[in-house]
Engineer: 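For reference, the structure I am asking about is given below.
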Amino acid sequence: MPQEVDLFVIGAGSGGVRAARIASNHGAKVMIAEEYRIGGTCVIRGCVPKKLLVLASRFADEFEDAAGYGWTVLQPSFSWPVLIANKDREIARLEAAYTANLERAKVAIVKSRAVLADPHTVKLTATGEAIRAKQILIATGGAPSLGKEIEGNEHIISSNEAFHLPELPKRILIQGGGYIAVEFASIFNGLGSDVTLVYRRDNILRGFDDDVRNHLRGEMEKRGIKIVTKAIVEGIEKVDYGLCVMLSDHEDVVVDKVMFATGRRPNVEGLGLEAAGVKLDEKGAIAVNEFSQTSVPHVYAIGDGTDRIALTPVAIREGHAFADTVFGGKPTRVDHRDVATAVFSEPEVGVIGLTEAEACERFDKVDIYKTSFRPMKATLAGRDTRMFMKLVVDGVTDRVVGCHIAGPEAGEMIQLVGVAIKMKATKADFDATMAVHPTAAEELVTMREKAASHVRRPAAAE
Ligand SMILES: Cc1cc2nc3c(=O)[nH]c(=O)nc-3n(C[C@H](O)[C@H](O)[C@H](O)COP(=O)(O)OP(=O)(O)OC[C@H]3O[C@@H](n4cnc5c(N)ncnc54)[C@H](O)[C@@H]3O)c2cc1C
């Protein structure tokens, strides 16, 4: 007789771990399978190691800026192997902590790939064992998508490999314009690599507010990152002095490493979804309803395997809501509106809500407040950099429907602006909030002059 559980979770990443722990706390007998490392993308090769590399890369500015404040810093030197070894130690510590939390919650952990054999059976490929489950949660996350094969494909690395390079590349070309591409461009630039960013569209960070996109691009270029837009990598050839990258509509670029950050796809291949009757949507992600339920009523899916918002806090929230819904007797929907997010580029970006263009499509009147200024620290340091902030306001109700920040600590600021926006704060509420002086964030509550006011013209009478 196969072993039976109340819940089988496939994938011990952000969403799966949370769902397994909460379901077990609700009294369910839970088993979780992981084919790689406990913690998933975020902990092992995503948010956490990335932020550690971001922090490392920012010391370069600190050393430089210190001089303006009277410090003499002897020639600093950087060791990539030390950084990577220390990062790996921290990731191993976190993996152990995640494992301990699951064990403490009495969740059975299996280190194996798991695939669906039929609607109620999961097969562990490491042992061939079959497990019967009353409920199944697919939390398999996503994987880098490198696009169609090109000549020299074998030379391309993704973010997965970037975390384990044996040495810091002197020259790197990164293809992609999303947040992972710009973050890695900033990391390598800060650590001293010569960076070329190649993106097929006309500007980086598609989907973000246009002012933020232009501001970030300008700041990255000021730091020496070469940004080539409206071009793609057509082929890569190994030459004596590195890798020669052929670009469309642009001269060749010779580098030591080529990284593609060209998007991520849901991890659903070979998962046995057809055997279980689980349907995909038109984008190839697992189709779910507002309770994360798939086309098979006792099979659920959360996180990056579905087409919602591919961020760790969202996957965690979805996992928690699933466990409360199915095992806690508390049907819970996740609110995917107004999710604040940060891009850990240099400078950092923090955004929530609508862009100016989106607001203009949605509202009859839109007021824009924006400012650009030199952060205080840059003054004595003599650094040529500016910070940018923008509020997008529904001109009829006065509600702040979008906030966009680019500059130091933008991620920290947007987390708190997020509370105000979630509470439907108006521009008058922002104005009534006393400034904290001297900070950069005070600009958010002291912008008085409208930079623009868009009024939708009534459709012409027939
Ligand atoms: C470079 C990078 C940087 C990122 N930075 C941020 C950030 O700053 N902030 C943020 O919020 N998000 C960030 N993300 C996104 C974030 O990591 C994901 O949104 C989040 O991890 C999704 O969680 P998940 O539970 O859906 O899946 P994952 O965390 O991806 O976990 C899925 C797990 O399932 C396992 N698995 C897959 N198939 C099987 C199978 N058949 N059997 C057993 N196990 C299986 C995988 O090995 C993996 O461990 C980043 C991602 C990347 C790649």
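Just the heavy atoms: all of them, side chains too, but no hydrogens, waters or symmetry mates, feed the values below. Just so you know, ligand 1 is whichever comes first in the structure, and atom 1 is the first atom listed for that ligand.
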Engineer: Which protein non-hydrogen atom lies closest to atom 44 (N) of ligand 1, naming both residue and atom, and how far is it?
Structural biologist: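 For atom 44 (N) of ligand 1, the nearest protein heavy atom comes out as Glu35 N, 3.1 Å.
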
Engineer: Is Thr140 touching ligand 1 with its side chain, its backbone, both, or neither, if touching means heavy atoms under 4.0 Å apart?
Structural biologist: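 Within the 4.0 Å criterion, Thr140 contacts ligand 1 through backbone and side-chain atoms alike.
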
Engineer: Are side-chain N/O atoms of Ser292 and Arg308 paired as donor and acceptor at under 3.5 Å?
Structural biologist: yes

Engineer: I'd like to check which ligand 1 atoms, numbered from 1 as shown, lie under 4.0 Å from a non-hydrogen atom of Cys42.
Structural biologist: 17 (O), 21 (O)

Engineer: To check your reading of the model: name the closest protein heavy atom to atom 2 (C) of ligand 1, its residue, and the distance in Å.
Structural biologist: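 Going atom by atom, the protein heavy atom closest to atom 2 (C) of ligand 1 ends up being Gly46 CA, 3.5 Å.
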
Engineer: Taking the minimum heavy-atom distance to atom 46 (C) of ligand 1, which of Arg308, Glu34, Arg37, Glu183 ranks first?
Structural biologist: Glu34

Engineer: Side chains of Met31 and Val122: closer than 4.5 Å at any heavy-atom pair?
Structural biologist: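 No, side chains not in contact.
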
Engineer: Test your reading of the structure: does Phe163 have an N or O sitting under 3.5 Å from an N or O of ligand 1?
Structural biologist: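 No, Phe163 has no N/O under 3.5 Å of an N/O on ligand 1.
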
Engineer: Heavy atoms only: which of Gly272, Gly270, Ala181, Cys47 lies closest to atom 12 (N) of ligand 1?
Structural biologist: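 That would be Cys47.
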
Engineer: Under 4.0 Å from a heavy atom of Gly303: which atoms of ligand 1 are those, numbered in the order shown and with their elements?
Structural biologist: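 In order of number, 26 (O).
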
Engineer: How close do His26 and Asp324 get, heavy atom to heavy atom, and via which atoms?
Structural biologist: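 Looks like NE2-OD1, 2.7 Å.
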
Engineer: Ligand 1 versus Ile10, non-hydrogen atoms closer than 4.0 Å: side chain, backbone, both, neither?
Structural biologist: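 The side chain, only.
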
Engineer: Between Ala139 and ligand 1, which part of the residue brings a heavy atom under 4.0 Å of the ligand: side chain, backbone, both or neither?
Structural biologist: backbone

Engineer: Of all heavy-atom pairs between Cys47 and Thr312, which one has the smallest distance, and what is that distance?
Structural biologist: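 Nearest heavy atoms, Cys47 then Thr312: SG-OG1, 3.4 Å.
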
Engineer: At a 4.0 Å threshold, what atoms of ligand 1 neighbour a non-hydrogen atom of Ala310?
Structural biologist: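 Near Ala310, the atoms of ligand 1 are 15 (C), 19 (O).
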
Engineer: Any chance CD of Glu154 has more than 12 other-residue heavy atoms, nucleotides or ligands included, within less than 6.0 Å?
Structural biologist: yes

Engineer: I'd like to know whether ligand 1 has Lys51 as a neighbour, heavy-atom separation below 4.0 Å.
Structural biologist: no

Engineer: What I want to know is whether Tyr179 and ligand 1 share at least one N or O pair that is separated by under 3.5 angstrom.
Structural biologist: yes

Engineer: Among protein heavy atoms, which sits nearest to atom 34 (O) of ligand 1, and what does the distance come to when rounded to 0.1 Å?
Structural biologist: Gly11 CA, 3.2 Å

Engineer: If you count the non-hydrogen atoms of other residues, nucleotides and ligands that lie under 6.0 Å from CZ in Arg200, is the total more than 12?
Structural biologist: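 No - once you tally the heavy atoms of other residues, nucleotides and ligands closer than 6.0 Å, there are 12 at most.
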
Engineer: Look at atom 31 (O) of ligand 1 and say which protein heavy atom is nearest, naming residue and atom and giving the distance to 0.1 Å.
Structural biologist: Gly13 CA, 3.3 Å

Engineer: Can you confirm whether Phe59 is buried at CZ, in the sense that more than 12 heavy atoms of other residues, nucleotides or ligands lie under 6.0 Å from that atom?
Structural biologist: no

Engineer: Who passes side-chain hydrogen bond (donor to acceptor under 3.5 Å, both in side chains) against Arg386, sequence neighbours left out?
Structural biologist: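 By the side-chain hydrogen bond (donor to acceptor under 3.5 Å, both in side chains) rule, Arg386 matches Ser372.
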
Engineer: Hey, which atoms in ligand 1 end up nearer than 4.0 Å to a heavy atom of Leu311?
Structural biologist: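 Going through ligand 1 atom by atom, the ones under 4.0 Å from Leu311 are 10 (C), 11 (O), 12 (N), 19 (O).
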
Engineer: Thinking salt bridges, do Arg383 and Glu64 make one under a 4.0 Å N-O criterion?
Structural biologist: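 The answer is yes: the pair qualifies as a salt bridge.
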
Engineer: Could you pull out all residues at least two apart from Ala310 that satisfy side chain to side chain contact (heavy atoms under 4.5 Å, CB included)?
Structural biologist: Asp304

Engineer: Are Asp210 and Lys390 close enough for a salt bridge, meaning some N to O gap below 4.0 Å?
Structural biologist: no

Engineer: At under 4.0 Å between heavy atoms, is it the side chain or the backbone of Val115 that contacts ligand 1, or both, or neither?
Structural biologist: neither

Engineer: Tell me whether Lys226 is salt-bridged to Asp194, with the criterion being a basic N under 4.0 Å from an acidic carboxylate O.
Structural biologist: yes

Engineer: Hey, is Lys222 close enough to Glu219 for a salt bridge, meaning N to O under 4.0 Å?
Structural biologist: yes

Engineer: Any N/O of Arg264 closer than 3.5 Å to an N/O of ligand 1?
Structural biologist: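 No, since none of the N or O atoms of Arg264 sits under 3.5 Å from an N or O of ligand 1.
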
Engineer: Kindly give the heavy-atom pair with the smallest separation between Ala139 and Val9, and that separation in Å.
Structural biologist: CB-CG1, 4.4 Å

Engineer: Give the atoms of ligand 1, by number and element, whose distance to some non-hydrogen atom of Tyr36 is under 4.0 Å.
Structural biologist: 47 (O)

Engineer: Below 4.0 Å from any atom of ligand 1, is there a heavy atom belonging to Ser112?
Structural biologist: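 True for this residue.
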
Engineer: Indicate yes or no: does an N/O atom of Lys50 lie under 3.5 Å from an N/O atom of ligand 1?
Structural biologist: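 So ligand 1 has an N or O lying under 3.5 Å from an N or O of Lys50.
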
Engineer: Does the cation-pi check pass for Arg45 over Tyr36, that is, NZ or CZ under 6.0 Å from the six-membered ring centre and within 45° of its axis?
Structural biologist: yes

Engineer: Pairs of nitrogen or oxygen atoms closer than 3.5 Å, one from Thr312 and one from ligand 1: do any exist?
Structural biologist: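 In this structure, Thr312 places an N or O atom under 3.5 Å from an N or O of ligand 1.
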
Engineer: Flag the pair Phe184 / Phe163 as yes when their ring centroid distance falls below 6.0 Å, and as no otherwise.
Structural biologist: yes

Engineer: Would you please indicate yes or no on a ring centroid separation below 6.0 angstrom for Phe388 and His215?
Structural biologist: yes

Engineer: Among protein heavy atoms, which lies nearest atom 26 (O) of ligand 1, and at what distance?
Structural biologist: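 The closest one turns out to be Asp304 N, 2.8 Å.
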
Engineer: Considering non-hydrogen atoms of the protein only, which is the closest contact for atom 27 (O) of ligand 1, and what is the distance?
Structural biologist: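 Nearest neighbour among protein heavy atoms for atom 27 (O) of ligand 1, to 0.1 Å: Gly141 CA, 3.2 Å.
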
Engineer: Within the structure, does Ala114 bring an N/O atom to less than 3.5 angstrom of an N/O atom in ligand 1?
Structural biologist: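 Checking ligand 1 against Ala114, an N or O pair does fall under 3.5 Å apart.
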
Engineer: In the protein, which heavy atom is nearest to atom 25 (O) of ligand 1, and how far is it?
Structural biologist: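 Going by distance alone, atom 25 (O) of ligand 1 is nearest to Gly15 N, 2.8 Å.
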
Engineer: Just which atoms of ligand 1 are under 4.0 Å from any heavy atom in Leu271?
Structural biologist: 41 (N)

Engineer: Name the closest protein heavy atom to atom 29 (O) of ligand 1, giving the residue it belongs to and the distance to 0.1 Å.
Structural biologist: Thr41 N, 3.1 Å

Engineer: With heavy atoms only and a cut-off of under 4.0 Å, state how Pro144 meets ligand 1: side chain, backbone, both or neither.
Structural biologist: neither

Engineer: Could you tell me, atom by atom, which parts of ligand 1 come under 4.0 Å of a heavy atom of Pro313?
Structural biologist: 11 (O)

